[in-house]
2 protein chains.
Amino acid sequence: MIFVISGIVYFWYTATKLGMSKCEHCIVRQFNSLNTLTREELVRVSACKTGRVVKKGDIIFREGEALNGIYCIREGVCKLTKLSENGKDQVVKLSVKGGMMGQRSLVSNECSNLTAVALNDMQICFIPKQEILDDLQKNVNFSMDLLKRMAQDLRDADDSLVDMAQKTVKQRLAETLLYVKNKFDNDADGYLALTLSRDDYASIVGTATESAIRILSQFKKEGIISTKGKQIKIEDEQALKRVE
Amino acid sequence: MIFVISGIVYFWYTATKLGMSKCEHCIVRQFNSLNTLTREELVRVSACKTGRVVKKGDIIFREGEALNGIYCIREGVCKLTKLSENGKDQVVKLSVKGGMMGQRSLVSNECSNLTAVALNDMQICFIPKQEILDDLQKNVNFSMDLLKRMAQDLRDADDSLVDMAQKTVKQRLAETLLYVKNKFDNDADGYLALTLSRDDYASIVGTATESAIRILSQFKKEGIISTKGKQIKIEDEQALKRVE
DNA sequence: TACCTGATATGACAAATATCATATATTAAT
DNA sequence: ATTAATATATGATATTTGTCATATCAGGTA
């Protein structure tokens, strides 16, 4: 008898982990376009979506792959990268809890131009394209919200481009540290709550791993940051903002 | 009597130049989202739009300025730039005949994040926001088309970012020359049909003017291009593609 | 524990790029 | 046509960044 109960509990636990709980009750949707769906639309979407647990380092989808739907991030963080001709990956964006991925493939019907890799353990939901495309056509709120978010993404992309073109590696790295601080905050010990490898930092900034390490070392010497293994603590935020 | 006719002819000429000819009869709309409007919508839009002649070097709108509508380019080319903190302008995009500007401000209701400067003499039309916003809500084809184009712009932005982060100035300049060749073709003498200043090239590539000039000189020495004043002729396209 | 592997760290050097100075060519204005 | 203003060109040099080599460290595993 005890086993049966255990079995049920385990099933419920797995189901929850796999994102099979209902969209209507999921709080993360308030951060994305799904929030514009009506209750009926949401129930229908919920019925056809699938959940998935992704471990740190796992690839969610690859550049060039056909995405037959969109992903909604329930928990965790991932990086969206693009392979350059020189063989190095460039991080284009970080996607976090509440974020969606694959909207572009949804509207343009093309393969993904980016690869998504989990930076920590994640829970994501997948909504098949045919289910959501219909809503896009019929629910003006939904399409308008998507338009707004894409417009914002384009602004962000412009900003990134200008930074990449006009700022030094040191400035970009300082900005990245501030970005991580603002977006993910500190943990209980004051270290950045999102821990990235030096290699990830280099790939975000668009530089060689050694260069990123060197500059972090310099920041450390100057007392701007301190480190404990991979972890980084910002000691002097103002100094980071002043980096030239 | 002859003067009256002359007056009429002049009026017609001016009206045409100022873009007061009707959208329904304008061929450039087939290159942009306006093509998805119904005949009635188009007639209404046509009635409220205003035309404008812009001279080379003129500013169409500035970063931070409120755009109370969208622009449709009837003729000519302009650059969309963003001012970096270091005081240099970075070209984010070139917009050409048939292109539209200000869609982002349309959907997000924010000020422009870019400045538009004419690279040659232009004719542009301006459609007030309130007129077109309504169509965006009601015509699914229109909003879907806009979504598709924004998705494509985002892809392009990703590509630009990776190039900026991972390629050398020489590679980016070579790519820019190829881009201009493909997008604007050559003139009768074989020179690039779009003539840009060395400063513009530098601002597209994201480098110092001197560096752009130096690399163009090097290309010239190597026989990859030839020049006549500002004008550039690509002599060896394959070599440009091979630049490392 | 000892070992192995991958990440972090640093030095030495080479290559790429920016900056400053100055010269020359081109264009615009008078 | 002459001059002034601007754009193009090039040298000299400093700074930034990448590459390769090597050392050290941390976490996982037998």
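As a basis for the values below, the full set of heavy atoms in this structure was taken, side chains included, without hydrogen atoms, waters or symmetry mates. This is a predicted model, so every value here is computed, not measured. By convention in this document, chain letters (A, B, ...) are assigned in the order of the sequence lines, proteins followed by strands, and residues within each chain are numbered from 1.
With rounding to whole Å, A/Gln231 atom CD is found 19 Å from D/dC25 atom P. A/Arg172 places its CZ atom 11 Å from the C1' atom of D/dT16, with the value rounded to the nearest Å. Atom CD in B/Gln218 sits roughly 17 Å away from atom C1' in D/dT8 (whole-Å rounding). Between B/Asp199 atom CG and D/dT6 atom C1' there is a gap of 11 Å when expressed in whole angstrom units. The CD-P distance, from B/Gln166 to C/dT17, rounds to 13 Å in whole Å. Here C/dT17 presents its C1' atom at 16 Å from NZ of A/Lys170, a figure rounded to the nearest Å. Here the P atom of nucleotide C/dT27 and the CZ atom of B/Arg198 are 11 Å apart, to the nearest Å. Spacing between atom CD1 of A/Ile215 and atom P of C/dT8 amounts to 15 Å, rounded to whole angstrom units.
Dashed line: the shortest gap from a side-chain N or O of B/Lys221 to OP1 or OP2 of D/dA9 is not under 4.0 Å. For C/dT10, one of the phosphate oxygens OP1 or OP2 lies less than 4.0 angstrom from a side-chain nitrogen or oxygen of A/Ser217. A sub-4.0 Å separation between OP1 or OP2 of C/dT8 and a side-chain N or O of A/Lys230 is present. For the OP1/OP2 pair of D/dA9 and a distance below 4.0 Å, the side-chain nitrogens and oxygens of B/Lys220 include at least one atom meeting the criterion. Between B/Lys88 and C/dT19, a side-chain N or O to OP1/OP2 separation shorter than 4.0 Å is present.
B/Met100 contributes atom CE, which lies 12.0 Å from atom OH of B/Tyr71 (distance to the nearest 0.5 angstrom). Between the CZ atom of B/Arg155 and the CG atom of A/Leu114 there is a distance of 8.0 Å, given to the nearest 0.5 Å.
Counting only N and O atoms by type, the side chains of A/Arg214 and A/Thr209 include no donor and acceptor under 3.5 Å apart. Checking B/Arg149 against A/Ser108 by side-chain atom types alone, no donor-acceptor pair falls below 3.5 Å. Using a 3.5 Å distance cut-off with no hydrogens or angles, the side chains of A/Glu110 and A/Ser105 do not pair a donor with an acceptor.
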Show me, pair by pair, the donor-acceptor contacts under 3.5 angstrom made by side chains of residues 218-225 of chain B, not counting sequence neighbours?
| unit_1 | atom_1 | unit_2 | atom_2 | d |
| --- | --- | --- | --- | --- |
| B/Gln218 | NE2 | B/Glu222 | OE2 | 3.0 |
| B/Lys220 | NZ | B/Thr227 | OG1 | 3.0 |

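For the salt bridge (charged side-chain N to carboxylate O under 4.0 Å, His left out) condition, the pairs that include at least one residue of residues 194-208 of chain A, sequence neighbours left out, are A/Lys79-A/Asp200.
Contacts between residues 200-211 of chain A and DNA chain D, defined by a heavy-atom separation below 4.0 Å, involve A/Thr207, A/Ala208, A/Glu210, A/Ser211, listed by number.
Tested against B/Glu85 for a salt bridge (charged side-chain N to carboxylate O under 4.0 Å, His left out), the candidates A/Lys241, A/Lys167, A/Arg242 yield a single pass: A/Lys167.
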Is there a side chain to side chain donor-acceptor pair (under 3.5 Å) between A/Glu235 and A/Ser226? Walk through the geometry before answering.
CA-CA 7 Å; A/Glu235 301 287 353; A/Ser226 61; 2.6 Å; yes

Could you list all N or O pairs between the protein and nucleotides 12-14 of chain C that sit under 3.5 Å apart?
| unit_1 | atom_1 | unit_2 | atom_2 | d |
| --- | --- | --- | --- | --- |
| C/dA12 | N6 | A/Arg214 | NH2 | 3.4 |

Interface polar pairs with nucleotides 2-5 of chain D, N/O, under 3.5 angstrom:
none

For nucleotides 26-28 of chain D, which of its nitrogen or oxygen atoms have a protein nitrogen or oxygen under 3.5 Å away, and what is each distance?
none

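A salt bridge is defined here as a Lys NZ or Arg NE, NH1 or NH2 lying under 4.0 Å from an Asp or Glu carboxylate O, and A/Asp158 with B/Arg104 meets this definition. Ionic pairing of A/Asp156 and A/Lys93 is not present here: no N-O contact between side-chain nitrogen and carboxylate oxygen is shorter than 4.0 angstrom.
By the 4.5 Å heavy-atom criterion applied to side chains, B/Ser95 and B/Val77 are not counted as neighbours. By the 4.5 Å heavy-atom criterion applied to side chains, A/Tyr201 and A/Thr176 are counted as neighbours.
No more than 12 heavy atoms of other residues, nucleotides or ligands shown are found within 6.0 angstrom of CD on A/Glu244.
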